[in-house]
Structures are given as structure tokens and as C-alpha cells.
Amino acid sequence: MILPRSFYSGDSREVARNLLGQILVRESSEGRTAGVIVETEAYLGKLDDAAHSYKGRTHRVRALFGEKGAAYIYLIYGMYYCLNVSSGPAGEPECVLIRALEPVEGIDLMAHRRGKEKLRDLCSGPGKLCQALQIDKSLYGVDVTQKGPLHIVSGAAPEKIEATPRIGIDYAIYTKDEPWRFIIAGNPFVSGAKKKPSL
DNA sequence: ATGCAGATCGTCT
DNA sequence: GACGATCTGCATC
């Protein structure tokens with residue numbers, strides 16, 4: 001079942017937690033790829049100086065100002081895309097960054113697009129998963145609450161969730177230490193996961 | 001195992 | 001004109 005628009009309208013930190021365990025599905029001409037969401041981050045708009053929408057409405061973040069459940073996709077470092085879903089209270093330009101997936105479908109296709117073999121290397125980061133699922137600017141603004149090229153369906157609730165500070169936002173003066181990154185505890189497919197637990 | 005430089009371009013000042 | 005919500009490969013310890 002596709003998650004309804006109401007799923008995305010609560011506090012974005014709650015939405016980010018609740019997205020863990022759900023399944024991101026990408027339908028393309030090459031085939032279907034999908035994975036369990038295992039890592040997310042919440043970005044809170046005007047309260048959050050780490051957020052792209054902190055300074056208000058610009059062309060880049062226009063997708064955050066419409067209906068919730070819209071794909072907000074941007075190019076980072078000139079070479080990688082990152083996928084977010086708009087969320088939060090009506091009128092607030094908030095979103096959840098999808099940071100990692102556990103691959104479940106179309107694994108051969110993902111491996112081909114990534115040029116990597118190991119399962120752990122396919123979707124363990126925001127840029128990686130966009131490459132594996134062929135997510136780019138052509139999907140900007142797509143409604144993930146509708147059947148289509150990109151949508152999110154319900155999966156199993158994770159057993160345990162962990163919260164940590166967000167990655168790569170040290171420039172944020174006010175919110176860099178807020179624990180708004182969420183992962184499924186112990187899941188090996190999160191970004192930065194190690195092969196073996198360091199003992 | 002850890003660290004660092006380079007790639008590369010859209011977006012905003 | 002400067003700078004990323006990143007990833008990779010190569011260097012070093």
C-alpha cells in the first residue's frame with residue numbers, strides 16, 4: 001500500500017522516524033528497483049539553519065512549498081543527486097532526506113548502474129541510492145503518494161531506532177548538533193557502516 | 001584503518 | 001565568484 005499524503009504532514013522529525021522500514025520504489029524503463037529505508041534526516045525550514053529552505057523560497061526549493069509528499073531532488077558537488085520528500089505542517093518548507101536503503105528488488109540493475117558488486121555498496125548513502133535507483137532532476141516534484149515512477153509503500157516497523165546528529169552540516173550554527181538523523185539500529189546498510197563491528 | 005584531495009556544476013550573493 | 005545535506009581512489013600508518 002502506498003503511504004498516503006497524511007503520512008507526511010506531522011512533525012518532520014516524526015515523519016523521518018516513521019519512514020524507517022518503509023519501502024522506496026522506483027519504476028523506470030530499465031526495470032523496477034526498490035529498497036527498505038534504513039537512514040533518514042529531518043530538515044526543518046525556517047527553524048533550521050542547516051536546511052536549504054532556511055532562507056526562504058528560492059527556485060531550488062520550490063518543491064517544498066507545495067503539497068507534502070513531493071520529491072525534492074538537488075545536485076550536490078556537481079555530481080551526485082540527493083532525494084528528499086517534503087513533509088511537516090502545512091506551509092512550512094520542511095523535508096526528510098533519504099540517506100540509505102537496504103536493497104530488496106532490482107539488485108542486478110542497481111549493481112550495474114553503480115558499477116559495484118557488493119550489496120552494501122549499492123545504496124549506503126544519499127548519492128549512492130540515487131545512482132542505484134536512477135533518481136535525477138527529471139523526477140523533481142514527483143508525488144510519492146501516487147503510483148508512478150517514484151513512490152513509497154508501507155513496510156515493516158523497525159525494532160529499534162537510533163538518533164544522531166546529521167551528516168555534513170557543520171556550517172549550521174544553531175542546529176548542527178540536533179539529533180535529527182535516524183537509523184535502524186544495527187542495520188549494516190546505513191551510510192558509513194563498517195564491515196565488522198569494531199570491538 | 002584513517003585521511004585527504006579531486007571531481008564538477010547548479011545555485012545563490 | 002564561491003561553495004556545497006557526497007563519493008571515490010590513493011596515500012600513509
Side-chain angles (χ1 to χ4, degrees), chain A residues 8 11-13 15-17 19-20 24 35 37-65 68 70-88 92-103 110-141 144 150 162-183 188-199:
Chain A
Y8 301 95
D11 184 302
S12 291
R13 289 159 293 199
V15 177
R17 294 183 84 97
L19 273 171
L20 296 176
L24 178 67
I37 298 170
V38 299
E39 176 177 352
T40 59
E41 284 178 1
Y43 285 87
L44 267 52
K46 57 188 170 193
L47 300 174
D48 180 6
D49 58 334
H52 290 164
S53 53
Y54 178 61
K55 292 173 184 163
R57 183 170 188 153
T58 63
H59 185 254
R60 180 170 63 157
V61 297
R62 65 193 182 282
L64 301 181
F65 287 81
K68 302 307 176 182
Y72 164 49
I73 297 163
Y74 65 92
L75 181 68
I76 186 66
Y77 297 109
M79 26 173 52
Y80 298 101
Y81 290 98
C82 291
L83 170 69
N84 302 251
V85 179
S86 69
S87 61
E92 300 299 323
E94 305 183 0
C95 62
V96 174
L97 171 66
I98 310 296
R99 283 192 58 89
L101 306 176
E102 176 171 343
M110 291 185 192
H112 176 253
R113 296 203 277 226
R114 286 275 302 134
K116 303 276 182 186
E117 291 300 322
K118 284 178 293 191
L119 207 53
R120 184 185 280 101
D121 292 335
L122 300 182
C123 301
S124 56
K128 297 179 190 177
L129 73 91
C130 283
Q131 194 176 18
L133 304 208
Q134 198 174 69
I135 292 167
D136 57 37
K137 268 265 177 88
S138 69
L139 297 175
Y140 190 92
V144 304
L150 190 65
E162 232 169 84
T164 80
R166 295 168 294 176
I167 306 296
I169 54 146
D170 285 348
Y171 59 83
I173 297 168
Y174 304 111
T175 59
K176 69 170 185 285
D177 296 323
E178 296 288 350
W180 296 342
R181 168 177 178 254
F182 304 96
I183 63 176
F189 297 94
V190 302
S191 69
K194 315 239 171 193
K195 219 164 207 175
K196 296 181 178 171
S198 38
L199 296 175

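Proteins come first, then strands; the chains are lettered A, B, ... in the order of their sequence lines, and each starts at number 1.
Of all non-hydrogen atoms in Ala51(A) and Tyr43(A), the two that sit nearest each other are CA-CD2, 3.9 Å. Heavy atoms only, all atoms of each residue included: Ser86(A) and Leu64(A) are closest at CB-CD2, 3.9 Å. In this structure, Tyr8(A) and Leu19(A) approach most closely via the heavy-atom pair CE2-CD2, 4.1 Å. Among all heavy-atom pairs drawn from Gly125(A) and Ser191(A), the shortest one is CA-CB, 4.1 Å.
Remark: DNA chain C takes part in the stems B:1-7 with C:6-12, B:9-12 with C:1-4, each of 3 or more antiparallel Watson-Crick or G-U pairs, criterion distances under 3.5 Å.
In this structure, Asp48(A) pairs ionically with Arg166(A), as a charged nitrogen and a carboxylate oxygen lie closer than 4.0 Å.
Taking atom OH on Tyr171(A) and atom P on dC12(B), their separation rounds to 13 Å, with Å as the unit.
The salt bridge (charged side-chain N to carboxylate O under 4.0 Å, His left out) pairs that include a residue from residues 127-141 of chain A number zero, where partners must be two or more places apart or lie in different chains. Sorted by first then second residue, the salt bridge (charged side-chain N to carboxylate O under 4.0 Å, His left out) pairs that include residues 49-62 of chain A, not counting sequence neighbours, number zero.
Checking the phosphate oxygens (OP1, OP2) of dC12(B), a side-chain nitrogen or oxygen of Thr58(A) falls inside 4.0 Å.
The residue Arg60(A) sits close only to the backbone: its heavy atoms come under 4.0 Å of sugar-phosphate atoms, none of a base. Heavy atoms of Arg114(A) sit under 4.0 angstrom from primed sugar atoms or phosphate atoms, though from no base atom. Using a 4.0 Å heavy-atom distance criterion, Lys116(A) is classed as a sugar-phosphate-only contact.
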If the sugar-phosphate is the primed atoms plus P, OP1 and OP2 and the base is the rest, what is the B/S/- string for nucleotides 2-10 of chain B, using protein heavy atoms under 4.0 Å? S----BBBS
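Using a 4.0 Å cutoff to heavy atoms of chain A, the contacted part of DNA chain C runs 5' to 3' from dG4(C) to dG9(C).
With sequence neighbours excluded, no residue satisfies ring-ring contact (aromatic ring centres under 6.0 Å, His included) with Tyr54(A).
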After noting the C-alpha distance and the side-chain angles of Arg13(A) and Leu44(A), does the key distance pass the side-chain contact (heavy atoms from CB on, under 4.5 Å) rule? CA-CA 8 Å; Arg13(A) 289 159 293 199; Leu44(A) 267 52; 3.6 Å; yes
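Note that SG of Cys123(A) and CD1 of Ile37(A) are 11.0 Å apart. Values are rounded to the nearest 0.5 Å.
Annotation: side chain of Val85(A) is not in contact with side chain of Val15(A) (no heavy-atom distance under 4.5 Å).
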